[in-house]
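Note that the structure is a prediction, hence the values are computed from the model and not measured. Values below: every heavy atom of this structure, side chains too, minus hydrogens, waters and symmetry copies. If you read the sequence from its start, that first residue is 1, and numbering goes on from there.
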Amino acid sequence: MSLSSLNDYESYTLLRLSYYDLPTDIRLNENLSYSLSSVIKYMKREVSSHEPTYSEIQKIEEVVQSNPKLQDIKLIAYQNHNPNDGNNSNGESNSGFVGYAFADEEGNSAALFRGSEPHFETDWLSNIQAGLGQEITQQEEANAFYEKYVQNYQNSEGISGERFLLGHSKGGNLASDVLVQHYTENISAYVVNGAPLYWWDLHDGQRKALDEQMTFIAHEWDVVSGLGYAPYVDKTVKTIRSFSEYRDEDLFYPHGLSTVSFNAEGELKNVREGASFLREGGSLLTVLLSDAIDFKNKVKNKDVAYAIDVTLTRMLYLASKGLIDEVIQVRNMAVQTITTLKHVSVALVAEVSNFFDDVLSFVETLFTKGFTWKVGGGGSSEEHIKVDISRLMYYADRLRRINRKTRAVNNQIDLLYWKADFFDLDSVFLADVISSFPNRMNQAVSYLTITADMMQATERKLTRKASTIS
């Protein structure tokens, strides 16, 4: 019963364990497994006793040694496809995937997936791609790992118990993907600050599985779990340090696994059910990042693409602090810098300028307006209001794509002013007027997205109140 009865603290301990490597020559097969205590000893051998990592592993070791349930869990499989010396794929993959398979004496088995590491190409870029519905190599490898080591696991008596998935950050995205691919099985997932799946590509059965078969925990102000639309968030947890205490030092602080507290029973403290409106606002970030990827794919100039990356990061960072004036300054400086680069056309400068204007519009909505809006107000109320929240988000996504195409047309029309004859200028001007409404389109996208977020949050609150009354 070990795997099926883990509390929050024990689950977080396994998630923390997933970030440490095992020796590449460790031997695992159906007849050979290792206790967690043995696994930790192997992990300690991989690092110097003088490194901070060593003391972190020791802390996990102390938890395992004092916990009978964790002592009963055995490691039955391990894969490491990181682009470094820890890789044990024999050169077959450098995707960044790392997975662990565990089992207990009752025949229960679990797949534990590692989250994002400092590998931009293998981890952080694919985080965004996965959030936009693109299948990534790590998802394919996670499903193959589950099917090979966990799906059909049986203990020595031939008993096959429950199946579990655990993951943090990108590992949460992998666990979510394996769940929706195998949701008809006896399977459940535990995810912390996971990068959400692309909701619009899932069918009703998969969406229901995310809501009913997965425990999705988001730390307040976490960035990664906000990189997509995730109406299935079960719990929002306040971190030990408040936002005002860490915002100037480390905006990724809430993403960590050692930033929350637990009670004597091992359950999370300072928890509220469902997602906070603050976290739901992160769905706007998905729209922004989608635009950034699409725009960068069209830019052939590497220097311009790099400038977009750096400028976007700075704008988001400053906007998160509410420094909108500084965001505008960064935007203006970036445009000025790009104009001085070699082989950069006037048309490209105009496109980059328009893109940064979009970013500015979004961050103003996300970081200054969106978080202060309140639900409610005067006027009459209907007895029953039915709102299809998923459709609101769908329409917002469609409008965003239409807006991007419209801007491309508008840029072409601007170039026609330099090529058209005098007598053709009236036709060009008419076409320009017809296509010049990107700002209004952005406002519509923001309105639909925030409305969906607000309705989602309100619906959860009303549901909770109704349950307490009944």
Side-chain angles (χ1 to χ4, degrees), residues 1-90 96-119 141-142 145-146 148-150 153 155-156 164-169 171 174-175 190 192 256-258 262 266:
M1 298 295 290
S2 297
L3 285 170
S4 62
S5 61
L6 296 179
N7 58 32
D8 291 320
Y9 184 62
E10 292 155 352
S11 297
Y12 268 65
T13 299
L14 289 180
L15 292 173
R16 289 165 57 198
L17 190 73
S18 71
Y19 283 93
Y20 301 105
D21 291 342
L22 287 167
T24 55
D25 60 348
I26 187 170
R27 296 180 178 274
L28 289 163
N29 55 52
E30 296 179 358
N31 300 315
L32 181 63
S33 60
Y34 295 89
S35 67
L36 281 188
S37 296
S38 299
V39 168
I40 292 173
K41 288 181 181 178
Y42 277 114
M43 290 177 171
K44 289 170 69 175
R45 294 178 187 173
E46 293 296 287
V47 298
S48 168
S49 59
H50 301 291
E51 296 180 28
T53 300
Y54 190 87
S55 61
E56 290 298 319
I57 298 175
Q58 277 191 316
K59 293 177 183 178
I60 297 175
E61 184 176 39
E62 293 172 2
V63 175
V64 172
Q65 291 176 344
S66 62
N67 190 304
K69 281 192 292 185
L70 293 178
Q71 290 176 12
D72 288 341
I73 297 173
K74 309 291 184 182
L75 179 72
I76 57 174
Y78 169 69
Q79 284 184 359
N80 187 322
H81 298 170
N82 262 322
N84 55 29
D85 293 338
N87 190 299
N88 66 357
S89 68
N90 297 319
F97 169 77
V98 181
Y100 308 75
F102 295 103
D104 61 27
E105 295 180 353
E106 302 295 326
N108 301 313
S109 55
L112 170 66
F113 302 119
R114 180 181 295 183
S116 300
E117 297 180 88
H119 309 301
E141 294 180 341
F145 182 83
Y146 166 80
K148 182 176 182 179
Y149 298 110
V150 177
Y153 176 80
N155 64 9
S156 58
F164 300 97
L165 305 164
L166 298 96
H168 165 253
S169 190
L174 302 182
Y190 187 93
V192 177
L257 290 166
S258 300
F262 305 85

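- The side-chain heavy atoms of Val192 and Tyr12, taken from C-beta on, include a pair separated by under 4.5 Å.
- Side chain of Lys69 to backbone of Ser5: a donor-acceptor contact under 3.5 angstrom is found.
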- request: Take Phe164 and Ser109 through the side chain to side chain contact (heavy atoms under 4.5 Å, CB included) test and state the conclusion after the steps.
  value: CA-CA 6 Å; Phe164 300 97; Ser109 55; over 6 Å; no
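- You'll find the side chain of Phe97 reaches within 4.5 Å of the side chain of Gln79, heavy atoms only.
- More than 12 heavy atoms of other residues, nucleotides or ligands sit less than 6.0 Å from atom OH of Tyr54.
- Of all non-hydrogen atoms in Tyr19 and Gly115, the two that sit nearest each other are OH-CA, 3.2 Å.
- In plain terms, the two heavy atoms of Gly167 and Ala175 that are nearest each other are N-CB, 4.3 Å.
- At a threshold of 4.5 Å between non-hydrogen side-chain atoms, the residues His81 and Val98 do not count as touching.
- Judged by distance alone, the side chain of Gln65 and the main-chain N or O of Glu62 form no donor-acceptor pair under 3.5 Å.
- In terms of modelled atom types and a separation under 3.5 Å, the side chain of Ser48 and the main chain of His50 share a donor-acceptor contact.
- Side-chain atoms of Asp104 come within 3.5 Å of backbone atoms of Gly107 as a donor-acceptor pair (strictly under, hydrogens ignored).
- Remark: Lys59 pairs with Glu56 by the salt bridge (Lys or Arg N to Asp or Glu O under 4.0 Å) rule, at least two apart or across chains.
- Outside the 6.0 Å centre-distance limit, the rings of His168 and Phe113 are not counted as a close aromatic pair.
- Looking at residues two or more places apart in sequence or on another chain, you find no ring pair (Phe, Tyr, Trp, His ring centres under 6.0 Å) involving Phe102.
- Remark: Asn67 CG to Thr13 OG1 distance equals 7.5 Å, nearest 0.5 Å.
- Shown here for Ile76 and Tyr153, the closest heavy-atom pair between the two residues is CD1-CD1, 3.7 Å.
- You'll find the ring centres of Phe145 and Tyr149 inside the 6.0 Å limit.
- In terms of heavy-atom proximity, Leu6 sits nearest to Ser11 at CB-OG, 3.7 Å.
- Side-chain contact annotation: Glu106 with Asn155, donor-acceptor N/O pair under 3.5 Å absent.
- Looking at Ser38, its side chain never comes within 3.5 Å of a backbone N or O of Tyr34 through a donor-acceptor pair.
- Between Asp21 and Arg114 there is a salt bridge, since a side-chain N of the basic residue sits under 4.0 Å from a carboxylate O of the acidic one.
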task: Take Asn7 and Phe262, measure what side chain to side chain contact (heavy atoms under 4.5 Å, CB included) needs, and give me the verdict at the end.
output: CA-CA 10 Å; Asn7 58 32; Phe262 305 85; over 6 Å; no
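- Remark: the backbone N or O of Leu22 is paired with a side-chain donor or acceptor of Tyr78 at under 3.5 angstrom.
- Separation of atoms CG (Leu112) and CG (Leu15) is listed at 6.0 Å; rounding is to 0.5 Å.
- Using a 4.5 Å heavy-atom cutoff, the side chains of Gln71 and Ser35 are not in contact.
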message: Would Val63 and Leu70 count as a side chain to side chain contact (heavy atoms under 4.5 Å, CB included) here? Give the steps.
response: CA-CA 9 Å; Val63 175; Leu70 293 178; 4.1 Å; yes
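- The side-chain contact (heavy atoms from CB on, under 4.5 Å) test with Val64 is passed by exactly one of Leu14, Ile40, Leu17, Val39: Ile40.
- The backbone N or O of Ser18 sits less than 3.5 Å from a side-chain atom of Tyr100, completing a donor-acceptor pair.
- Across Leu166 and Ala110, no two heavy atoms sit closer than the pair CD1-CB, 4.0 Å.
- Two residues are said to be in side-chain contact when any heavy atoms from C-beta on lie closer than 4.5 Å; Pro23 and Arg45 fail this criterion.
- Scanning for salt bridge (Lys or Arg N to Asp or Glu O under 4.0 Å) contacts around Glu61 gives Lys44, with sequence neighbours left out.
- Counting only heavy atoms from C-beta outward, the side chains of Ile73 and Leu3 approach each other to under 4.5 Å.
- When all heavy atoms of Val47 and Glu51 are compared, the closest pair comes out as CB-OE1, 4.1 Å.
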